Amino acid sequence: MKRTRIAHALTLPAPQSDLLLKGWVRTVRNGKNVSFINLNDGSNMGGIQIVVPSDMDGIEEVRKLTTGSAVEIVGELVESQGKGQSVEVQATKVTTVGRAAEEYPLQKKGASFEFLRTIAHLRNRSNTFGATFRVRSTLAQATHAFFANRGFVYLHTPIVTGSDTEGAGEMFRVTTLDMDNPPRTDKGEIDWDKDFFGKPAYLTVSGQLNAEAFAMGMSDVYTFGPTFRAENSNTSRHASEFWMIEPEMAFCDLSENCDLAEDFVKHLLRTVLDDCTSDLEFFNQRIDKGLLERLQHVVDSGFERMTYAEAVKRLIDSGQKFEYPVEFGVNLQAEHERYLTETLVGRPTFVTDYPKSIKAFYMRRNDDGQTVGAVDLLVPGVGELIGGSAREERLDVLEDAIRELGLEPEDYGWYLDTRRYGTAPHAGFGLGFERMVMYATGMQNIRDVIPFPRTPRNCEF
RNA sequence: UCCUCAGUAGCUCAGUUGGUUAGAGCGGGGGACUGUUAAUCCCUAGGUCCGCGGUUCGAGUCCGUGCUGAGGAGCCA
């Protein structure tokens with residue numbers, strides 16, 4: 001007999017005999033004539049109700065089943081005699097595969113997210129986290145489907161990089177040197193020439209520069225992989241290891257870049273609305289009351305677009321008092337971004353054309369000489385979901401930008417080659433995948449949307 | 001890194017102005033009842049009150065400090 005996953009079993013017409021289910025016990029309730037098991041195998045939200053008659057062989061073992069135990073059930077799918085479910089399984093055989101010890105920490109009654117983080121290896125068996133990681137998986141697969149449908153090449157950029165000039169944040173060093181006794185140069189400095197790669201190496205903070213190189217030849221590419229930032233960030237939306245999606249498109253300007261970002265976000269939300277209905281209903285009911293309405297609204301309406309200058313003006317004109325005053329030339333504070341996207345606009349908002357002084361060197365200089373072709377996508381509840389730009393494709397302008405930072409263009413050899421040999425306008429963005437999962441589920445902490453989160457001072461599991 | 005708050009049973013929490021032997025619900029163990037739905041009812045076991053130092057006749061409670069966690073800020077995705 002072949003195992004049937006619970007989500008599939010629930011789609012079968014009842015009655016359906018000779019069903020083999022395997023999963024984990026959520027609850028057991030023992031009655032006089034029957035015992036009830038709620039069985040879950042991760043394929044759906046609510047699991048399935050198993051009814052075990054009291055005269056079944058081995059009923060004593062069933063009565064002593066503990067929450068969390070792994071079991072196999074053989075039985076028949078029938079219309080339910082009770083309320084609360086349309087079908088259930090009348091068991092003919094129950095086998096304990098792996099009994100859960102009495103101290104199994106996931107109880108029927110709710111535990112705090114904070115506690116569940118300390119048992120990250122078990123929390124996927126709870127309603128909230130099962131739903132979160134099903135949605136996460138669906139979003140990942142929808143990402144690949146979206147880009148595949150548009151002819152993008154899926155590009156694997158390196159995890160380990162020798163480039164310390166990316167400027168996107170503090171980097172984790174990768175080394176095989178003995179840190180207790182590293183080799184030294186004559187000057188007493190650590191001799192990185194003796195290290196594995198013959199020079200300092202780091203974990204990537206972005207695949208963008210590599211993706212740009214591939215866009216200058218393969219036209220439309222995207223990356224989707226882990227990214228590492230060694231920032232000492234202690235917030236609900238930063239992790240030291242996270243997943244980022246970075247499309248890069250040749251012959252593309254900032255406006256087309258925004259078009260793609262908007263299509264992409266809408267495609268992701270449409271997919272989870274269609275494919276994760278019961279999970280989203282759970283989130284809507286238990287985690288974030290307005291979730292379904294908000295997601296549907298985002299799918300149905302256009303995103304707002306405004307320049308940084310307009311954003312500053314609207315924030316000032318609003319008369320709203322902020323802890324930090326709004327002023328042209330300084331970065332928007334979190335309170336500004338939140339007010340803009342949540343109150344003034346009420347849906348996702350692209351803010352474009354920031355002052356060059358507050359953005360990265362590779363962003364394309366606008367004709368006004370003051371701003372660059374940057375874009376942030378701000379969304380209610382999460383903040384910055386996407387950061388992107390048109391890239392500076394003009395060799396001389398890019399070299400000037402590097403020099404203005406006090407850096408040497410010679411250090412950017414291969415990157416500048418892409419401007420030297422058949423350069424073309426191009427643009428791209430980075431989307432923080434965990435922030436997307438947060439936005440789609442209403443979950444408020446990045447540590448709760450990644451299976452085993454890595455944050456400062458936390459590398460358990 | 002900065003600011004604020006918190007840490008009491010396996011989990012979620014209560015614990016009065018500092019005062020005898022620190023409580024409840026859930027979970028665990030035992031039993032009753034029952035087509036149940038976080039089932040219900042009875043009995044029961046279970047505690048380094050985060051660590052260290054101090055004030056006091058006396059500290060879960062007050063003070064200092066360390067650790068851990070959370071929320072907010074900065075950095076960003």
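Protein chains get the first letters and strands the later ones, always in sequence-line order, with residue 1 at the start of each. FYI, side chains are in, hydrogens and waters are out, and symmetry mates aren't considered; it's all heavy atoms of this structure. As the structure is a prediction and not an experimental result, all values here were calculated from the model.
For C11(B), the OP1/OP2 oxygens have no side-chain nitrogen or oxygen of R123(A) closer than 4.0 Å.
Under the 3.5 Å distance criterion, with hydrogens and angles disregarded, a donor-acceptor pair is assigned to the side chains of N366(A) and T371(A). Between Q208(A) and Y362(A), the side chains place a donor N or O and an acceptor N or O closer than 3.5 Å (distance only, hydrogens not considered).
Taking atom P on both nucleotides, G64(B) is separated from C5(B) by 12 Å, rounded to a whole Å. Nucleotides G29(B) and G35(B), compared at atom P, are 23 Å apart to the nearest Å. For the C1' atom pair drawn from G18(B) and G54(B), the interatomic distance equals 15 Å after rounding to whole Å. The C1' atoms of G19(B) and G28(B) are separated by 34 Å, rounded to the nearest whole Å. G7(B) and U21(B) have their P atoms separated by 24 Å, given to the nearest Å. For the C1' atom pair drawn from G51(B) and U68(B), the interatomic distance equals 11 Å after rounding to whole Å.
Among the heavy atoms of the strands lying under 4.0 Å from A239(A) is at least one base atom, whether or not backbone atoms are also near. Using a 4.0 Å heavy-atom criterion, one finds that F242(A) contacts the bases of the nucleic acid, with or without backbone contacts as well.
Base pairing annotation: C57(B) forms a Watson-Crick or G-U wobble pair with G19(B), both donor-acceptor distances under 3.5 Å. Shown here, G64(B) forms a base pair with C52(B); the pair counts as Watson-Crick or G-U wobble because both key distances fall under 3.5 Å. Applying the Watson-Crick and G-U wobble criteria (two distances, each under 3.5 Å), G69(B) pairs with C5(B). Of all nucleotides present, only G10(B) satisfies the Watson-Crick or G-U wobble test against C26(B), with each distance under 3.5 Å.
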Tabulate protein N/O versus nucleotide N/O from nucleotides 68-70 of chain B, keeping only pairs under 3.5 Å, one per line.
unit_1, atom_1, unit_2, atom_2, d
U68(B), OP1, R457(A), NE, 2.9
U68(B), OP1, R457(A), NH2, 2.5
G69(B), O2', E114(A), OE2, 2.4
A70(B), OP1, R117(A), NH1, 3.2
A70(B), OP1, R447(A), NE, 3.3

Give each protein N/O atom lying under 3.5 Å from an N/O atom of nucleotides 1-4 of chain B, with the pair distance.
unit_1, atom_1, unit_2, atom_2, d
U1(B), OP1, N232(A), ND2, 2.6
U1(B), O4, N232(A), O, 3.2
U1(B), O4, N234(A), N, 3.4
U1(B), O4, N234(A), ND2, 2.8

What nitrogen or oxygen pairs link the protein and nucleotides 35-41 of chain B at under 3.5 Å?
unit_1, atom_1, unit_2, atom_2, d
G35(B), N7, Q81(A), OE1, 3.4
G35(B), O6, Q81(A), OE1, 3.0
G35(B), O6, Q81(A), NE2, 2.7
G35(B), O6, Q90(A), NE2, 3.0
G35(B), N1, E88(A), OE2, 2.6
G35(B), N2, Q49(A), NE2, 3.1
G35(B), N2, E88(A), OE1, 2.4
G35(B), N2, E88(A), OE2, 3.1
U36(B), O2', R29(A), NE, 3.0
U36(B), O2, R29(A), NE, 2.7
U36(B), O2, R29(A), NH2, 2.8
U36(B), N3, Q49(A), OE1, 2.9
U36(B), N3, Q49(A), NE2, 3.1
U36(B), O4, Q49(A), NE2, 2.5
U36(B), O4, Q85(A), NE2, 3.0
U37(B), O2, Q85(A), OE1, 3.4
U37(B), N3, K83(A), O, 2.9
U37(B), N3, Q85(A), OE1, 3.2
U37(B), O4, K83(A), N, 3.0
U37(B), O4, K83(A), O, 2.0
U37(B), O4, Q85(A), NE2, 3.4
A39(B), OP1, K108(A), NZ, 2.9
A39(B), OP2, R29(A), NH1, 3.1

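Pairs engaging residues 431-454 of chain A under the salt bridge (charged side-chain N to carboxylate O under 4.0 Å, His left out) rule: R117(A)-D448(A), R123(A)-D448(A), R136(A)-E434(A) [sequence neighbours left out]. Among pairs with a residue in residues 49-78 of chain A, those fulfilling salt bridge (charged side-chain N to carboxylate O under 4.0 Å, His left out) read K22(A)-E72(A), at least two apart in sequence or across chains. Counting only residues at least two apart or on different chains, no salt bridge (charged side-chain N to carboxylate O under 4.0 Å, His left out) pair has a member in residues 233-247 of chain A.
Rounding to whole angstrom units, CZ of residue F115(A) and P of G7(B) are separated by 18 Å. Here the P atom of nucleotide G72(B) and the NE2 atom of H336(A) are 17 Å apart, to the nearest Å. Rounded to an integer number of Å, the gap from OH of Y439(A) to P of A77(B) is 19 Å. If you take CD of E323(A) and P of A73(B), they are 9 Å apart, rounded to a whole angstrom. Rounding to whole angstrom units, CD of residue Q444(A) and C1' of G72(B) are separated by 13 Å. Straight-line distance from the CD1 atom of I358(A) to the P atom of C75(B): 10 Å, rounded to whole Å. Distance CH2 (W243(A)) to P (C76(B)): 24 Å, rounded to an integer number of Å. In this structure, CZ of F113(A) is placed 19 Å from C1' of A6(B), rounded to the nearest angstrom.
Y308(A) is linked by a ring-ring contact (aromatic ring centres under 6.0 Å, His included) to F328(A), Y354(A), counting only residues two or more places apart in sequence or in another chain. Residues satisfying the ring-ring contact (aromatic ring centres under 6.0 Å, His included) test with Y154(A), not counting sequence neighbours, are H144(A), H156(A), Y222(A). In this view, F322(A) and H336(A), Y339(A) satisfy the ring-ring contact (aromatic ring centres under 6.0 Å, His included) rule, not counting sequence neighbours. Considering only residues two or more places apart in sequence or on other chains, R99(A) meets the salt bridge (charged side-chain N to carboxylate O under 4.0 Å, His left out) condition with E102(A).
Side-chain atoms of T418(A) come within 3.5 Å of backbone N or O of Y415(A) as a donor-acceptor pair. Under a 3.5 Å cut-off, the side chain of T341(A) and the backbone N or O of E337(A) do not form any donor-acceptor pair. Proximity of a side-chain donor or acceptor of T118(A) to a complementary backbone N or O of E114(A) within less than 3.5 Å is not detected. Checking side-chain atoms of R365(A) against main-chain N and O of G373(A) turns up no donor-acceptor pair under 3.5 Å. A side-chain donor-acceptor contact under 3.5 Å links R134(A) to the backbone of N44(A).
Positionally, the nearest nucleotide of RNA chain B for E102(A) lies more toward the 5' end than for the other of E102(A) and E434(A).
Interface residues of residues 379-386 of chain A facing RNA chain B, ordered by number: E384(A), L385(A), I386(A); criterion, heavy-atom separation under 4.0 Å.
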Distance-only donor-acceptor pairs under 3.5 Å for side chains of residues 88-95 of chain A, two or more places apart:
unit_1, atom_1, unit_2, atom_2, d
E88(A), OE1, Q49(A), NE2, 3.1
E88(A), OE1, S80(A), OG, 2.8
T92(A), OG1, V74(A), O, 3.2

